[in-house]
Every structure is written in C-alpha cells, then in structure tokens.
Visitor: 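Can you read through this structure? Questions will come right after.
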Number of protein chains: 2
Amino acid sequence: MNDTLKDGPDIARIASLVGDPARANMLTALMAGAALTASELALEAGVTLPTASSHLAKLMEGGLLTVASEGRHRYYGLSSPQVAGMLEAIMGVAAGVGPKRVRPGPREPKMREARVCYDHLAGEHAVKMLEALLDGKILVRDGKDIKLGKHGATHFAAIGIDVEASGKSRRPVCRDCLDWSVRRSHLAGTLGAAILDKILSEKWARREKDSRVVTFSPRGKMEFERVFLR
Amino acid sequence: MNDTLKDGPDIARIASLVGDPARANMLTALMAGAALTASELALEAGVTLPTASSHLAKLMEGGLLTVASEGRHRYYGLSSPQVAGMLEAIMGVAAGVGPKRVRPGPREPKMREARVCYDHLAGEHAVKMLEALLDGKILVRDGKDIKLGKHGATHFAAIGIDVEASGKSRRPVCRDCLDWSVRRSHLAGTLGAAILDKILSEKWARREKDSRVVTFSPRGKMEFERVFLR
DNA sequence: TTCATAGTTCGATCCTTGTCGAAGCATCTT
DNA sequence: AAGATGCTTCGACAAGGATCGAACTATGAA
C-alpha cells in the first residue's frame with residue numbers, strides 16, 4: 001500500500017531500532033566491547049526480562065547483534081565494528097546538538113579522555129595518536145580509507161604488533177571512526193584493536209569496571225606517548 | 001522512573017527522529033545537498049503537508065535541520081556535515097555488509113553548478129557572481145543587508161536591468177541567500193530575480209524540465225561571465 | 001528425579017505518535 | 001483590495017509498539 005519510494009537502504013528500520021531508550025541503553029552498554037547476557041542487558045536498560053528479551057529479538061532480527069549460547073546463558077554482542085561506528089556517529093550528533101545537556105556526568109571527562117569504542121581506543125588520546133601516525137607517514141589517508149605507510153609494517157613490528165597477522169581477516173586493518181567527544185577521527189580496524197590490546201596487556205592503562213572508561217597510569221601514559229605520539 | 005543513567009549523549013532521541021519512515025525519506029532526500037521546501041519534502045516523504053510540517057518541526061527541535069525563510073518558501077537543509085555523516089553511517093549498516101551506496105543522484109552535480117532558488121539563481125555561478133559584484137563595488141555589504149554601490153544603478157542600466165523599476169515594490173532590491181551546495185551567499189531580492197530573468201530571456205541558459213537545474217549554453221556562459229564576473 | 005536459574009512466548013493493557021481535514025497565518029501576485 | 005500559494009496549527013482518530021505478569025522451555029545443580 002505504501003508506495004514509499006525507497007531511494008536507499010532502509011535507514012528508518014535501523015534507526016528506529018536504536019531509537020527506543022531501552023534498546024539504546026543496551027547498545028550503549030555493548031559499546032564497551034564485552035558481550036553481555038540478557039539479564040545484564042535488562043538491568044542496564046532498566047526493564048524487566050521479558051521486555052529485554054523482546055528488544056533483543058528485534059535487534060537480532062535487524063542484524064545489529066550476534067548471540068553466542070553458552071550453557072543456559074546467551075551472550076549478546078554488537079554484530080560488527082560497523083555497527084559500533086554507526087552508534088558513535090549518532091552519539092556525535094546527539095552530543096553536538098544536545099539541547100538537554102543536563103549534566104556532563106561525573107565520569108564524562110574521563111570518557112572524553114580515553115574510552116573503549118567496541119574493540120579499540122577512542123577519546124582525545126586516540127585522536128592524537130591517529131594524527132601523529134598520519135603525521136609521521138606511518139599511516140596515510142587514501143581517500144576515505146586509511147592505509148599503512150611505506151614503513152608502517154616495520155614500525156608496528158618493532159613495537160610488537162604484527163600487522164600481517166591481523167590483516168588476514170576480511171576486516172580492514174585500518175579504518176577511521178568519528179569520535180563524538182572530539183569530533184575528529186580515531187583509528188579503528190584490526191590495527192586499532194591490536195593497539196588497544198597492546199595498551200592493556202602492557203598495563204599502560206586499565207579499564208574501569210562496568211564502564212567504557214580507560215585510565216592510564218602515569219608511567220603508562222608516558223610509554224604510550226613515547227611509542228605512538230612521538 | 002527516569003533512572004536512565006546516561007553514559008553518553010542522548011542517542012535514542014536522535015535515532016528515533018531518523019527512525020520514522022517519513023522523516024527518514026526527508027533526510028535521505030536532503031542528503032543530496034540541496035535545501036528543499038516543505039512541500040517538496042512532503043512529496044518526497046509521501047505524506048500530506050500538515051504531516052510533513054509536524055515532522056520538520058521535530059527535526060528542527062532535534063537540531064538535525066536548519067531552515068532559511070525565503071519569501072513564502074521555507075528551505076530546509078541538513079544542519080551540518082556531521083548529520084550527513086551520521087546518516088551515511090546508518091545507511092552503511094542498513095545496507096548490510098554491502099558498501100555504502102549513497103549515490104549523489106544523476107542531476108546533483110548540475111544542481112550544484114546552477115539552479116533556480118525560488119526566483120533567482122543559485123549554485124556556484126551565482127555565488128561567484130555575487131562575489132564579483134561585491135568585489136567590483138557594484139554592490140556593497142551594509143551589515144546584514146546588501147546595497148547598491150555608487151555606480152550600481154548605472155552599471156545595471158547599461159546591461160539592461162532597471163533597478164529603479166524593480167525597486168518600487170516593498171520587496172528589497174538586494175538580499176543575500178545562503179547557498180546550500182556551496183555554503184556561501186548568493187544574490188536574492190528583486191535584483192536577483194531580474195538577473196535570472198535576463199539570463200533566461202537572453203537564452204544564455206534554460207531551465208530543465210521538472211527540475212531546479214539551470215543549464216548554461218557554452219556561449220551563454222561566456223556572456224554571463226563577461227557581464228557579471230568580470 | 002526434583003529444584004533452581006536463564007531465557008522466551010503469550011496476552012492484555014496502555015500510551016505514544018503518526019496521520020489527515022479544516023482552519024488560520026504569512027507572503028506574494030494581480 | 002482581493003485572491004492565490006506555501007506553510008503551520010489544531011483537533012480528532014487510529015495504529016503501532018513498549019511494557020509487564022504469568023505461563024512455558026531449557027539447561028544446570030542437588
């Protein structure tokens with residue numbers, strides 16, 4: 001009946017999924033990168049279990065989530081980094097136009113500084129890092145994409161990151177992801193994920209519990225800057 | 001009841017705006033870059049004018065759109081490239097794993113070059129023209145307004161445009177109008193309308209059918225540049 | 001087996017919101 | 001001044017969907 005001429009992809013369908021507060025809370029929680037159970041997500045969204053279950057079914061049908069059954073638990077996670085990127089983009093707009101910027105929130109400043117974006121680092125540190133890497137020609141922009149520079153692979157190998165290994169999947173090695181707090185790009189992709197791994201495994205920084213916030217130790221920050229911002 | 005601890009910006013609010021099919025169609029149409037009137041957007045969305053008006057008010061309140069009143073027309077456009085980027089990201093997810101198919105539309109480049117804006121010329125040519133006229137002191141900025149320069153009247157008279165005649169109505173002779181494709185001002189007002197008349201009557205250019213596109217002939221473009229861009 | 005825990009499905013309720021017709025403003029044209 | 005056009009506001013209606021309690025399924029523990 002509806003003769004709506006769809007010019008592009010069904011954008012309304014996806015956006016309406018994100019447009020419900022309960023679902024938005026769930027998705028935001030999943031931005032931290034960890035898969036969560038239905039109960040945890042229900043708590044996070046502030047709804048009962050049946051309601052959460054209904055929402056999760058819709059998100060699954062929309063292709064935004066994947067699920068892994070483990071015993072009687074079902075772990076839900078974002079289906080792709082692309083979904084995470086979309087959520088960040090929406091956050092960027094929401095933060096920019098925020099007519100009701102009620103309160104910045106206690107840990108908001110920390111979020112701006114450094115946080116987890118699905119599986120890579122975001123925030124001011126991450127933005128500066130990408131700029132430094134581009135500046136040093138270790139990474140180079142190629143139109144909309146980001147590619148490894150001439151000495152990129154050897155540079156990362158020296159740090160202890162094997163770009164080749166992470167490049168085997170279909171997922172792009174480098175990808176830019178718009179940062180909602182700083183409004184500039186940071187590095188996503190398998191390389192971005194590998195760098196976050198490095199930061200955490202070297203204990204330069206640790207993740208706050210139940211939050212996306214990443215806190216650098218004084219020494220860790222120096223190391224991070226030495227390695228990536230120089 | 002509102003115990004929703006907002007970790008970040010209010011993502012649901014923005015997403016729900018995009019989540020309605022009618023609004024999504026409007027936003028998709030505006031992705032082309034050109035500002036459209038409420039009527040055009042109603043047609044695009046497949047709803048009646050009152051409905052469209054209601055949607056546009058919501059999008060405005062959400063900060064996704066800006067509006068420029070031009071006579072009895074109201075031209076709506078995306079409020080920032082950031083919003084366009086967000087829509088692109090949503091399209092990417094909606095299209096599945098597939099690449100982003102944001103096609104500019106066949107006549108989009110032509111629209112950017114030259115188009116009708118209500119009753120005067122818009123697009124790159126129009127923007128350049130206003131700059132040249134200001135540069136030659138034929139027109140001068142007076143705060144927010146634009147006025148005729150010292151030799152303005154004689155200049156236009158030599159071309160065959162009677163500024164005095166067109167100045168009799170209450171409508172201002174000169175007025176600037178923000179160009180959505182170039183994001184700079186072009187000339188509106190009775191003088192802008194008279195110039196468009198001149199261009200069309202001299203057959204320097206013609207209007208495309210069912211479109212706002214204005215196409216210059218090779219010779220017409222030269223004439224236009226000689227008269228206005230010199 | 002029997003009980004407990006995690007999760008889904010069902011049915012009913014209730015509220016939000018998209019929708020349009022009619023009327024009201026504002027602006028331009030004649 | 002009178003009419004036409006673009007757009008908004010108002011009022012009423014209908015449909016979609018978010019929510020929860022209760023019942024049901026599945027897995028693990030006793």
Side-chain angles (χ1 to χ4, degrees), chain A residues 1-4 12-13 15-26 35-62 65 67-76, chain B residues 1-4 12-13 15-27 35-62 65 67-76 116-120 165-173 175 177 188-190 192-194 196-197 212:
Chain A
M1 199 67 132
N2 245 346
D3 54 357
T4 47
R13 176 177 167 73
S16 71
L17 283 174
V18 187
D20 176 78
R23 287 194 293 262
N25 283 336
M26 291 177 173
L36 299 176
T37 66
S39 310
E40 289 169 325
L41 288 168
L43 194 68
E44 200 76 40
V47 293
T48 62
L49 242 157
T51 305
S53 187
S54 157
H55 285 311
L56 289 169
K58 285 177 176 122
L59 289 171
M60 285 292 297
E61 196 190 344
L65 298 185
V67 66
S69 287
E70 209 146 308
R72 53 181 166 179
H73 295 266
R74 309 199 70 190
Y75 286 94
Y76 290 90
Chain B
M1 165 164 169
N2 223 349
D3 55 355
T4 48
R13 174 177 167 78
S16 71
L17 283 174
V18 187
D20 175 77
R23 286 193 293 261
N25 282 336
M26 291 177 173
L27 292 168
L36 299 175
T37 66
S39 311
E40 288 169 326
L41 288 168
L43 194 68
E44 201 75 41
V47 293
T48 62
L49 222 100
T51 305
S53 187
S54 156
H55 286 309
L56 290 170
K58 286 181 175 114
L59 289 171
M60 285 292 297
E61 195 191 343
L65 298 186
V67 67
S69 286
E70 199 66 31
R72 53 184 165 181
H73 295 263
R74 307 199 72 189
Y75 284 93
Y76 289 91
V116 169
C117 176
Y118 178 49
D119 62 355
H120 55 271
S166 52
K168 279 184 183 169
S169 86
R170 275 174 320 220
R171 190 173 161 204
V173 176
R175 191 167 188 174
C177 181
T190 55
L196 177 59
D197 274 349
R212 297 168 58 198

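Letters A, B, ... are given to chains in the order of the sequence lines, protein chains preceding strands, and every chain is numbered from 1. Because the structure is predicted, anything quoted here is derived from the model rather than measured.
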Visitor: Taking all non-hydrogen atoms of both residues, which atom of B:V18 and which atom of B:A24 are closest, and how far apart?
Guide: O-CB, 3.5 Å

Visitor: Give the nucleotide from the list C:dG21, D:dA22, D:dT19 with an atom nearest to the side chain of A:S54.
Guide: D:dT19

Visitor: What's A:A52 touching, base or sugar-phosphate or nothing? Going by heavy atoms closer than 4.0 Å.
Guide: nothing

Visitor: How close or far is atom P of C:dT8 from atom CG of A:L59, stated in whole angstroms?
Guide: 12 Å

Visitor: Of the nucleotides C:dT29, D:dA18, C:dT8, which has the atom closest to the A:D20 side chain?
Guide: D:dA18

Visitor: For residues A:A42 and A:A52, report the shortest heavy-atom separation together with the two atoms involved.
Guide: CB-CB, 3.5 Å

Visitor: Tell me: CZ of B:R13 to P of C:dT17, nearest whole Å?
Guide: 11 Å

Visitor: Name the closest nucleotide to the B:K58 side chain, picking from C:dG18, D:dT19, C:dC28.
Guide: C:dG18

Visitor: In terms of side-chain heavy atoms of A:S39, which of D:dC20, D:dT8, C:dA6 is nearest?
Guide: C:dA6

Visitor: Examine D:dT19: is either OP1 or OP2 under 4.0 Å from a nitrogen or oxygen in the side chain of A:H55? Give yes or no.
Guide: yes

Visitor: For D:dT19, does OP1 or OP2 lie under 4.0 Å from any side-chain N or O of A:T48?
Guide: no

Visitor: Does the side chain of A:R23 get closer than 4.0 angstrom to OP1 or OP2 of D:dA18 through an N or O atom?
Guide: yes

Visitor: Looking at A:R74, I'd like to know whether one of its side-chain N or O atoms comes within less than 4.0 Å of OP1 or OP2 on C:dT8.
Guide: yes

Visitor: I want to check something: taking the side chain as every heavy atom from C-beta on, are B:M26 and B:Y76 in contact at a cut-off of under 4.5 Å?
Guide: no

Visitor: Could you report the tightest heavy-atom contact between A:R13 and A:E61, atom names first, then the distance?
Guide: NH2-O, 3.7 Å

Visitor: Rounded to the nearest angstrom, tell me the gap between atom OH in B:Y75 and atom P in D:dG6.
Guide: 10 Å

Visitor: Return yes if a side-chain donor-acceptor contact under 3.5 Å exists between A:T48 and A:T51, otherwise no.
Guide: yes

Visitor: From the options D:dG21, C:dC20, C:dG7, select the nucleotide whose nearest atom is closest to the side chain of A:L49.
Guide: C:dG7

Visitor: Have a look at A:Y76 and say if it touches a base, only the backbone sugar-phosphate, or nothing, with a 4.0 Å heavy-atom cut-off.
Guide: sugar-phosphate

Visitor: By nearest atom, which of the nucleotides C:dG7, C:dC20, D:dC20 is closest to the B:T51 side chain?
Guide: C:dC20

Visitor: From the set D:dG6, C:dT19, D:dC20, return the single nucleotide nearest to any side-chain atom of A:V47.
Guide: D:dC20

Visitor: Could you tell me if the side chain of B:T37 sits less than 4.5 Å from the side chain of B:E40, heavy atoms only?
Guide: yes

Visitor: Separation of B:R72 atom CZ from D:dG6 atom C1', in whole Å?
Guide: 7 Å

Visitor: Could you tell me the separation between the CG atom of A:L56 and the P atom of D:dG17, rounded to a whole number of Å?
Guide: 17 Å

Visitor: Rounded to the Å, how far apart are A:L17 CG and D:dG17 P?
Guide: 10 Å

Visitor: Tell me: NE2 of A:H73 to C1' of C:dT8, nearest whole Å?
Guide: 16 Å

Visitor: Could you tell me the separation between the CG atom of A:L65 and the P atom of C:dT8, rounded to a whole number of Å?
Guide: 12 Å

